[in-house]
Amino acid sequence: MSDAARIVVVGGGAIGCGIAFQLALAGERDVLVLEREAGLCRGTSAQAAGLVGQLRSSVERTRLAMESVATFSRLEREGEVKPGWRQVGSLRVAQTAERVEEFQRLCGIARAAGLGVELIDREEAARLWPVLDWREARAVLWCPSDGYLQPADLVAAYRHEARRRGVRFRTGVAVTGIQLRRGRVAAVVTAEGAIPCEYVVNAAGAHGWHLARLVGLDLPVVPVRHHYVVTVAADGIRPEFPCLRLPDAGLYARAELRALLLGGWEPRALSLAPHSFALDAPPPPIAEDWPVLSGFVEAFRPFGRDLCDLPVRRVFTGWPTFTPDGRFIVGESSRVPGFVCAVGCNAHGVSGSAGIGRHLVEALLDPDPSPYVRSLSPDRFPSGSFRWPEAEEAARRVYETYYAIGH
Ligand SMILES: Cc1cc2nc3c(=O)[nH]c(=O)nc-3n(C[C@H](O)[C@H](O)[C@H](O)COP(=O)(O)OP(=O)(O)OC[C@H]3O[C@@H](n4cnc5c(N)ncnc54)[C@H](O)[C@@H]3O)c2cc1C
């Protein structure tokens, strides 16, 4: 392979393609994306539910998600290839008094970030999602600018926009090594030969740890199992219904056309030590875990009633990656100049992809990145700074408390 590129992005999922798009917007044209599968969006991104929620427990994260929404809206409005963005809004439902208090705090974060949200009553909620029983709701937080999209459409839109600005994409090409010269990145190695580059961006998802190992870094990128079901179509469900979050039950849901998509966060998560599978092998397959999945359905019954008896048409599942501190790992390593990370997306890598791409551009090209972007650096995990069993447990805990108050 004779190509050279200033920046090689490894991984053609939502993150790798979101980065390619943002680099292209920032004027970087000499960018090559390498994906080992035969097409883009074949890894974790293909399994994502596509929910895009902006309200987070900090102003910075809320702003990041708002940036992603602004990008999705622009692509949907102006792009030649649409990301399938449906700005249907979202309803977050409190079932406990503590959660009602949390909603008040979240309203403060939304105000500080400039995000429009409002507390609405049960009648208004029932107007927005009529087939649900709203009697258990103690408070409902409405965010009209949230929504959902189809991850494969989003990746196609990123690819189109990046390509027309000069970014190149190669599928069916696996990166097997990274060459260093005097301690800094000089080339990526593939079966077809070496590709000289100044920077390599690790956007390899569940293989984020493996790629970092190629340059001697040990980063706590922990794959944690996640899954949801989609039922058969039902009368009364419409694609324009808002996304639902029921944090006290650990659940999220939305309409998938006329079917119900329902997923949740398990109180006991299942993680993988990344050392347990190889760089050149996919992460282990995941069997359908009906005790857990039926638990999601039963937890939804107080709201869903008859919808909970709909036959399940398909289970979606995968290994999104988590970090022990629940924060993304974004930026260049000072130990291995030229090695740049965009991993550990903590299960919002699709919704966060445009914002993470922006952060990466800032970390790489801005001479003075913000303190927040600097705080995401891989340098926060110096070698020997963590032990794997504890790191894995902490990462699982981030998953298990995903909807916990204050998360
Ligand atoms: C069931 C489920 C539901 C989810 N729901 C949501 C949701 O509603 N909203 C949301 O925002 N997120 C959601 N997520 C999380 C989201 O899917 C991930 O955060 C996101 O897909 C991560 O994207 P990625 O590009 O990092 O990873 P991936 O999509 O896995 O992409 C990484 C790519 O790197 C490639 N690769 C790996 N190694 C190499 C190599 N050596 N050479 C070349 N290529 C390589 C892989 O083949 C893969 O295509 C969900 C995840 C799951 C499993």
Side-chain angles (χ1 to χ4, degrees), residues 8-20 32-54 65 68 72 90 146-152 154-155 158 169-178 188-191 200-214 221 223-230 243 245 252-254 256 261-265 274 277-283 286 293 314-322 328-330 341-357 399 402:
V8 171
V9 179
V10 185
I15 296 293
C17 294
I19 286 168
L32 172 66
V33 179
L34 297 178
E35 166 55 54
R36 71 160 158 220
E37 297 294 333
L40 301 176
C41 197
R42 300 278 173 98
T44 322
S45 301
Q47 299 296 313
L51 267 76
V52 179
Q54 299 163 93
S68 287
F72 303 153
S90 76
D146 276 355
Y148 65 90
L149 45 67
Q150 303 299 336
L154 174 65
V155 166
Y158 283 150
F169 288 80
R170 289 272 179 93
T171 54
V173 179
V175 170
T176 55
I178 296 173
V188 295
V189 180
T190 74
V200 55
V201 179
N202 174 6
H207 289 86
W209 174 82
H210 304 77
L211 223 75
R213 282 309 294 157
L214 293 179
V221 181
V224 181
R225 180 185 75 169
H226 190 46
H227 43 182
Y228 62 86
V229 298
V230 177
C243 299
R245 290 183 184 77
Y252 59 83
R254 69 168 172 84
E256 170 65 8
L261 180 159
L262 177 68
W265 304 98
F277 60 101
L279 174 63
D280 59 1
I286 300 173
L293 295 169
R314 198 174 154 193
V315 175
F316 287 78
T317 184
W319 297 104
T321 56
F322 283 72
F328 310 129
I329 304 179
V330 176
C341 290
V343 288
C345 299
N346 295 288
H348 45 287
V350 170
S351 52
S353 55
I356 291 171
Y399 178 100
Y402 203 77

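Keep in mind that this is a model prediction, so the values were computed, not measured. Just so you know, ligand 1 is whichever comes first in the structure, and atom 1 is the first atom listed for that ligand. Just so it is clear, the values below take in all heavy atoms, side chains as well, and ignore hydrogens, waters and symmetry mates.
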Nearest protein heavy atom to atom 44 (N) of ligand 1, by residue and atom, and its distance? Arg36 N, 3.3 Å

Looking at atom 7 (C) of ligand 1, what's its closest protein heavy atom, distance included? Gly50 N, 3.6 Å

For the atom pair SG (Cys17) and CZ (Phe169), what is the distance rounded to the nearest 0.5 Å? 5.0 Å

What is the nearest protein non-hydrogen atom to atom 31 (O) of ligand 1, stated with its residue, atom name and distance? Gly13 CA, 3.6 Å

Are Tyr402 and His226 close enough that a side-chain donor and a side-chain acceptor fall under 3.5 Å? no

Looking at ligand 1, does any of its N/O atoms fall within less than 3.5 Å of an N/O of Val175? yes

Please tell me whether His207 and Arg36 have a donor and an acceptor in their side chains that are separated by less than 3.5 angstrom. yes

So which heavy atom in the protein is nearest atom 34 (O) of ligand 1, and how far is it from that ligand atom? Gly11 CA, 3.2 Å

Can you measure from CG (Leu51) to CG (Leu261) and round to the nearest 0.5 angstrom? 7.0 Å

Does ligand 1 come near enough to Tyr252 that some N or O of the ligand is less than 3.5 Å from an N or O of the residue? no

With only distance considered, is Phe316 within less than 3.5 Å of ligand 1 through an N or O on each side? no

Out of curiosity, Thr190 OG1 to Arg170 CZ, how far, rounded to the nearest 0.5 Å? 8.5 Å

Does ligand 1 have an atom that lies less than 4.0 angstrom from a heavy atom of Thr190? no

From the candidates Val350, Leu51, Val221, Leu214, the one that places a heavy atom nearest atom 16 (C) of ligand 1: Val350

How far is atom 12 (N) of ligand 1 from the closest protein heavy atom, and which atom is that? Ala347 O, 3.2 Å

To check your reading of the model: name the closest protein heavy atom to atom 48 (C) of ligand 1, its residue, and the distance in Å. Glu35 OE1, 3.4 Å

For Ser353 and Tyr158, does a side-chain donor sit closer than 3.5 Å to a side-chain acceptor? yes

Return the closest protein heavy atom for atom 2 (C) of ligand 1 as residue, atom name and distance. His226 CD2, 3.4 Å

Options Ala49, Pro320, Ser68, Ala206, ranked by nearest heavy atom to atom 5 (N) of ligand 1, top entry: Ala49

For atom 26 (O) of ligand 1, state which one of Leu34, Leu211, Ile15 supplies the nearest heavy atom. Ile15

Rounded to the nearest 0.5 angstrom, the CD1-CD1 distance for Ile356 and Ile15 is 3.5 Å

Considering only the protein, which heavy-atom contact is closest to atom 27 (O) of ligand 1, and what is its distance? Gly205 CA, 3.7 Å

Distance in Å, Thr321 OG1 paired with Trp209 CH2, rounded so as to fall on 0.5 Å steps: 14.0 Å

Nearest 0.5 Å, what's the CD-CZ distance between Gln47 and Phe316? 6.5 Å

Polar contact flag for Ser351 and ligand 1 (N/O pairs, less than 3.5 Å): yes

